[in-house]
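Here the structure comes first, spelled out in structure tokens, and everything after it is commentary.
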Amino acid sequence: MLQVSYIRENREEVLNRLSVRNFKNPELVDQIIKLDDDRRQTQTLLDSIAAEANAAAKKVGELMRQGLKEEAEAIKAKTTSFKEQTRTIGDKLSAIEILLQAELVLLPNLPHHSVPKGIGADDNQVAFEHGVIPQLMAAALPHWELAAKYDIIDFELGNKIAGAGFPVYKGKGAKLQRALINFFLDNAEAAGYREMQPPIVVNEASGFGTGQLPDKEGQMYHITGDNLYLIPTAEVPVTNLYRDVILKAEELPIKNCAYTPCFRREAGSYGAHVRGLNRLHQFDKVEIVQVVHPDHSYEVLENMSNYVQSLLQKLELPYRVLSLCGGDMGFTSAKTYDMEVWCAAQARWLEVSSVSNFETYQTNRLKLRYKSGDGKPQLAHTLNGSALALPRIVASLLENNQDDKGIKIPAALVPYTGFEYIS
RNA sequence: GGAGAGAUGCCUGAGUGGCCGAAAGGAACAGUUUGCUAAACUGUCGUACUGGCAACGGUACCGAGGGUUCGAAUCCCUCUCUCUCCGCCA
């Protein structure tokens, strides 16, 4: 959520940067400023009436103590009108505040100056490419067929016990999952991230804090009996650890990582491109999250991007880095890099990580601030990224590394799997 | 699941209708002093909104929401959460 004060003071800039996103509703900006004017006026009025009422009440108290009953009663009689007024104006104020809030959450984050203007995925810029596109043998198979051939991932069995999008990993397939999780966690720890193991259900306040609620409610699994949500990403619990927190400046940066299963209903996304591991309702992911001083967040974004790339390099996967254009970025992001790996049998790039700087967009909702010396609390910046999400990594490992003997495990992973081949 | 207790500032904790934005202690920070990995003393020490160039004011917040009252941390109602005991159990 953007700060109203920023919008007021930088109206032109806000409009310019929203246009980078191809934002359809720029008149919202002026509506918000207008509403905030109303809010201020109403607030001032309410405050002055409350001040009068407080003074009168205090006077009554004094008079009572002095035993001047009649004079006290006289003032009491006068104060009754305050009550009515405070109620009316107070109601008006909260109505304005609700409206203002409702409009404010409709404004996406402002893209950073380096974000290219654009409408959709076609306008994203390829910032970097790495690795060699493998040439597969003629009999090469897509990963869902390889998974069946080597009996390592069973989609049918998952259908039976849960439903589509809940695969069962078997034997070396299961062990490969475990190996990847440990590989990612060990690397994150070596890069200075502190491992956290958060709950995989969250309450409503947490869903609001990171922006899943109220609007993206349909994307999360909801446990109605206890009003909890299954997390769509570890970003939600790990970032919410710092909701309503004022940190000391010297506590920054905070670098956390977490492995969790992630649950996504993916309502409405079905079709040819979601076969096999391409899109699941439940998947495993290691997430990295940082809370940083605003002066360093873009430097940190590059670090995080490089870190994610280092993982892909160790896994010897060909990948590219996209600098997302304004129109393709997530609502809450100021700048995002997507990492895509090449899936040789499907012959397509698959997104395996998304690294974003949210600047103050999340922290304004979370009320996550830092304080240096005797200064006022300031909103911190948050960033996060997948490092990494497993299914598509597995998909590309299977497809890219297949040969006539089986699936070759990259050397960096062998200490974790304990085997070199799936055959 | 049954029974009970509780929720106050960074922490502990006092406060049962006006003198309470809130005692006291601790922690933290700044300073003074004693010549030293420490003590003593002094001071500072919540957040948000809002008015003002500023100095300096106003308002709100004692888990959340409502109510009673001229006036609520304090009384009433609802909700949420936490803790203890019993039951069940990994």
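Letters A, B, ... mirror the listed sequences (proteins, then strands); counts begin at 1.
A:L63 has its CG atom 15 Å from the P atom of B:C70, to the nearest Å. To the nearest angstrom, C1' of B:C49 lies 15 Å from CD of A:Q41. Rounded to whole Å, atom P of B:A48 lies 19 Å from atom CZ of A:R365. Between the C1' atom of B:G46 and the NZ atom of A:K367 lies a distance of 15 Å, rounded to the nearest Å. Rounded to whole Å, atom C1' of B:C19 lies 8 Å from atom NZ of A:K58. Atom CG in A:D226 sits about 14 Å away from atom C1' in B:G1, given to the nearest Å. Put simply, CD on A:Q101 is 14 Å from C1' on B:A48, counting in whole angstrom units. Between the C1' atom of B:G51 and the CD1 atom of A:I49 lies a distance of 15 Å, rounded to the nearest Å.
Between A:Y307 and A:Y193, the ring planes are tilted. Angles from 30° to 60° get that label. Ring pair A:F166/A:Y221 is tilted by interplanar angle, where 30° to 60° counts as tilted. Between A:Y361 and A:F331, the angle of the ring planes goes over 60°, which puts this pair in the perpendicular group of the 30/60° scheme.
Separating the P atom of B:G58 from that of B:U68 is a span of 28 Å, rounded to the nearest Å. For B:G57 and B:A39, the C1' atoms lie 42 Å apart once the distance is rounded to whole Å. Using atom P as the reference point in both B:G46 and B:A23, the two lie 10 Å apart (nearest Å). Atom name P, nucleotides B:A22 and B:A73: the rounded distance is 12 Å, in whole Å. Taking the C1' atom of each, B:A72 and B:C62 are spaced 11 Å apart, rounded to whole Å. Remark: the separation of the C1' atoms in B:A40 and B:G35 is 15 Å, to the nearest Å. Annotation: B:U50 and B:A38 have their P atoms spaced 45 Å apart (nearest Å). A gap of 41 Å separates the P atoms of B:U33 and B:G15, to the nearest Å.
Using a cut-off of 4.0 Å between Lys/Arg side-chain N and Asp/Glu carboxylate O, A:K34 and A:D30 are scored as not salt-bridged. Between A:D284 and A:R178, none of the side-chain N atoms (NZ, or NE/NH1/NH2) sits under 4.0 Å from a carboxylate O, so this pair counts as no salt bridge. Ionic pairing of A:E84 and A:R87 is not present here: no N-O contact between side-chain nitrogen and carboxylate oxygen is shorter than 4.0 angstrom.
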Let me see the working for A:K285 and A:Y259 under side chain to side chain contact (heavy atoms under 4.5 Å, CB included), right down to the final yes or no. CA-CA 6 Å; A:K285 180 160 65 66; A:Y259 153 71; over 6 Å; no
Carefully, step by step, assess A:Y370 and A:E250 under the rule side chain to side chain donor-acceptor pair (under 3.5 Å). CA-CA 9 Å; A:Y370 69 93; A:E250 54 272 23; over 6 Å; no
Could you check A:N306 against A:E302 for side chain to side chain donor-acceptor pair (under 3.5 Å), going step by step and ending with a plain yes or no? CA-CA 6 Å; A:N306 290 334; A:E302 297 303 318; 5.5 Å; no
Letter by letter from the 5' end, nucleotides 55-65 of chain B scores (B base, S sugar-phosphate only, - none; protein heavy atoms under 4.0 Å) ---BSS-----
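For B:C45, there is no paired nucleotide, since no Watson-Crick or G-U wobble pair has both relevant distances below 3.5 Å.
With hydrogens and angles ignored, the 3.5 Å screen pairs no side-chain donor or acceptor of A:T239 with any backbone N or O of A:V236. The backbone N or O of A:F358 sits nowhere less than 3.5 Å from a side-chain atom of A:S356 that would complete a donor-acceptor pair. When atom types are taken as modelled, the side chain of A:R17 and the backbone of A:P111 share a donor-acceptor pair closer than 3.5 angstrom.
Residues from residues 196-208 of chain A placing a heavy atom under 4.0 Å of any atom in RNA chain B do not occur.
RNA chain B is contacted by both A:A53 and A:K248; A:K248 maps to the nucleotide lying nearer its 5′ end (nearest heavy atom per residue). Sequence order on RNA chain B of the closest nucleotides to A:R369 and A:A57 puts A:A57 first from the 5' end.
In this structure, the side chains of A:E52 and A:Q85 stay at 4.5 Å or more apart for every pair of heavy atoms.
Residue contacts for A:K83: at a heavy-atom cut-off of 4.0 Å it reaches a base atom on one of the strands shown.
The side chain of A:K371 has B:G46 as its nearest neighbour among B:G46, B:G18, B:A48.
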Between the protein and nucleotides 87-90 of chain B, list the N/O to N/O atom pairs that are separated by less than 3.5 angstrom.
none

